[in-house]
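Any value given below was found using the heavy atoms of this structure, including those in side chains, with hydrogens, waters and symmetry copies removed. The shown structure was predicted, so the numbers you read here are calculated from the model rather than taken from an experiment. Quick note on labels: first sequence line is chain A, next is B, and so on, each numbered from 1.
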Number of protein chains: 2
Amino acid sequence: MTAEALKKLKTAESEKISHIDYFNIAISVDCVIFGFEKKELRVLLIKSDLEEFADKWSLLGDLVKIDEDLDSAPYRVLRQRTGLEDVFLQQVGSFGAINRHPSGRVITTAYYSLINIRNHKLKITDNEVHWHSLKNLKDLAFDHKQIIEVCLQRLRIQIMDEPVIFNLLPEKFSLRELQDLYQAILGIKLDRRNFRKKIALKKWLDELDEMEDDVPHRPGKLYKVKTGLKKNALVEIAGKTK
Amino acid sequence: MTAEALKKLKTAESEKISHIDYFNIAISVDCVIFGFEKKELRVLLIKSDLEEFADKWSLLGDLVKIDEDLDSAPYRVLRQRTGLEDVFLQQVGSFGAINRHPSGRVITTAYYSLINIRNHKLKITDNEVHWHSLKNLKDLAFDHKQIIEVCLQRLRIQIMDEPVIFNLLPEKFSLRELQDLYQAILGIKLDRRNFRKKIALKKWLDELDEMEDDVPHRPGKLYKVKTGLKKNALVEIAGKTK
DNA sequence: TAGGAATTGTGTACAAATTACACGACTGCG
DNA sequence: CGCAGTCGTGTAATTTGTACACAATTCCTA
């Protein structure tokens with residue numbers, strides 16, 4: 001940043017006036033929370049209560065507080081709005097088109113989160129919060145559809161090399177469930193034998209001595225993530241491994 | 001964003017008071033400008049003229065203006081500070097630790113840029129601006145060292161699949177130059193025969209009927225990027241292909 | 001002008017990963 | 001008891017990755 005810009009910044013701070021020139025851009029975070037249910041990838045949305053977006057759905061977000069790190073804000077949002085703690089979160093990008101927000105200039109930083117819908121029953125049962133299938137998404141508020149799209153792209157890339165996908169599954173799962181999940185995320189069908197071979201190659205999983213017991217067909221073996229394997233990405237965008 | 005937060009936002013806007021609660025986070029952009037010279041990857045830095053960082057180097061950056069898109073700001077910064085136009089720029093991530101800026105709360109969005117040092121002679125010869133080798137980088141202002149590190153990681157991934165690397169080279173170049181550049185970015189040596197095979201496979205280049213004429217050894221063939229091939233990444237982080 | 005230094009241009013053998021593809025066995029259910 | 005749905009498994013063909021060597025060209029210098 002230039003010295004000139006900084007001087008103005010300091011002046012504005014010390015005099016507590018004229019903030020309009022340098023502080024009238026608000027910054028928010030928005031969370032793209034993915035879940036997996038009934039063989040579909042879903043995203044958690046909230047009914048927008050903003051007039052301009054009456055009846056449209058939007059991401060969970062909030063303004064960043066003056067005394068919190070940017071990367072901490074989405075954790076707070078998730079905790080406050082859904083009761084979710086200890087979730088996988090990763091910064092994806094920032095969106096700041098001039099007119100993206102009807103009420104003023106707001107730049108938002110988007111994060112994506114992966115949670116297991118069954119484990120993390122929403123504790124704060126705000127009945128305006130719902131899981132939506134990624135198909136047929138429409139009428140989203142702001143630029144939230146675009147944000148979801150970018151997060152989905154990131155997710156698709158990340159599941160190929162890093163064991164983040166297991167954040168979407170229960171502790172024990174079958175290879176079929178895992179394959180269904182990959183297929184839902186990638187939007188393509190995978191060959192079953194090749195898929196199993198590839199997963200075996202990655203050495204992420206331990207085979208259990210248990211079988212599925214809730215399926216209307218021959219049950220498959222259950223697996224769990226290897227003890228000690230972090231289900232987070234190895235490198236966070238901000239360089240900080242949680 | 002919640003309705004509650006938005007109401008506060010609107011109140012703050014209409015009354016033009018109390019901005020301190022919602023608008024006292026400033027937002028900036030910082031550019032990590034990579035160049036290639038003498039077989040080394042370099043980054044363009046400016047002497048920080050901020051007291052707290054006397055004699056330290058920093059990235060080129062500026063506060064985002066109220067009437068410019070976030071993604072437009074780094075183009076402006078480059079134009080104003082170096083005279084560079086029409087360069088490759090890509091958003092990498094946002095950095096917002098509470099205390100990252102000594103003068104106040106500033107969240108910054110980092111972009112990386114690839115330019116050809118020779119073609120783009122810095123038009124604004126601000127003698128505080130210099131190219132630095134990526135080795136021996138130290139004493140950078142703010143969190144700029146970390147930002148550069150994250151941008152470098154992004155660059156390393158991106159050059160494997162997308163033809164962005166050619167932004168760093170002149171129009172005509174030899175395969176040796178290209179290999180030297182890959183090696184400088186990746187920090188490893190590559191096998192020459194395998195490298196050439198791999199590049200050929202990508203079909204990014206056209207072979208010219210010209211040879212190098214400025215080397216103290218047997219000259220190699222010159223190549224150029226295939227006509228029509230965009231040297232940008234296929235997908236920008238914000239989903240917008242420039 | 002001959003020899004040395006540096007680099008060009010080229011191919012093959014082996015290992016590893018990717019893809020396409022089929023069948024018998026098991027379980028629940030009607 | 002038979003059908004529907006899924007499990008568990010292997011091989012052959014192809015593509016990709018890796019390791020590795022030698023003769024030819026050009027410049028430079030002694």
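Between Met160(A) atom CE and dT18(C) atom P the separation is 9 Å, expressed in whole Å. Leu190(A) has its CG atom 12 Å from the C1' atom of dT19(C), to the nearest Å. Atom CZ of Phe195(B) and atom C1' of dG17(D) are 15 Å apart (whole Å). Atom CD1 of Ile199(B) and atom P of dT18(D) are 14 Å apart (whole Å). One can place NZ of Lys221(B) at 8 Å from C1' of dG9(C), the figure rounded to the nearest angstrom. In this structure, the CG atom of Leu175(A) is 13 Å from the C1' atom of dT9(D), given to the nearest Å. For the pair His217(A) NE2 and dG24(C) P, the interatomic distance rounds to 21 Å; values are reported in whole Å. If you measure from atom CG of Asp213(B) to atom C1' of dT26(D), you get 13 Å, rounded to the nearest angstrom.
For the pair Arg176(A) and dC7(D), the criterion of a side-chain N or O lying under 4.0 Å from OP1 or OP2 is met. Phosphate proximity of dG8(D) to Arg196(A): present, with a side-chain N or O under 4.0 Å from OP1 or OP2.
Enclosure of atom CZ in Arg118(A) is not indicated, since only 12 or fewer non-hydrogen atoms of other residues, nucleotides or ligands lie within 6.0 angstrom.
In terms of position along DNA chain D, the nucleotide closest to Arg193(A) lies nearer the 5' end than the nucleotide closest to the other residue of the pair Pro219(B) and Arg193(A). Of the two residues near DNA chain C, Ser174(B) and Pro216(B), the one whose nearest nucleotide lies more 5' is Pro216(B). Where Asp191(A) and Val215(A) meet DNA chain C, the nucleotide closest to each residue was compared, and Asp191(A) sits on the side nearer the 5' end.
For Arg218(A) against dC26(C), no side-chain N or O and base N or O form a donor-acceptor pair under 3.5 Å. For a distance-only test at 3.5 Å, the side chain of Arg192(B) qualifies as a donor-acceptor partner of the base of dG9(C).
Between Leu78(B) and Ile33(B), some side-chain heavy-atom pair lies under the 4.5 Å cut-off.
As judged by a 4.0 angstrom heavy-atom cut-off over every strand, Lys197(B) is placed among the base-contacting residues.
Counting only N and O atoms by type, the side chains of Ser28(A) and Thr108(A) include a donor and acceptor under 3.5 Å apart.
Of the possible polar contacts, none joining the Lys202(A) side chain to the Pro163(A) backbone as a donor-acceptor pair under 3.5 Å is found.
Of the residues Leu205(A), Leu114(A), Leu181(A), the one that meets the side chain to side chain contact (heavy atoms under 4.5 Å, CB included) test with Phe166(A) is Leu205(A).
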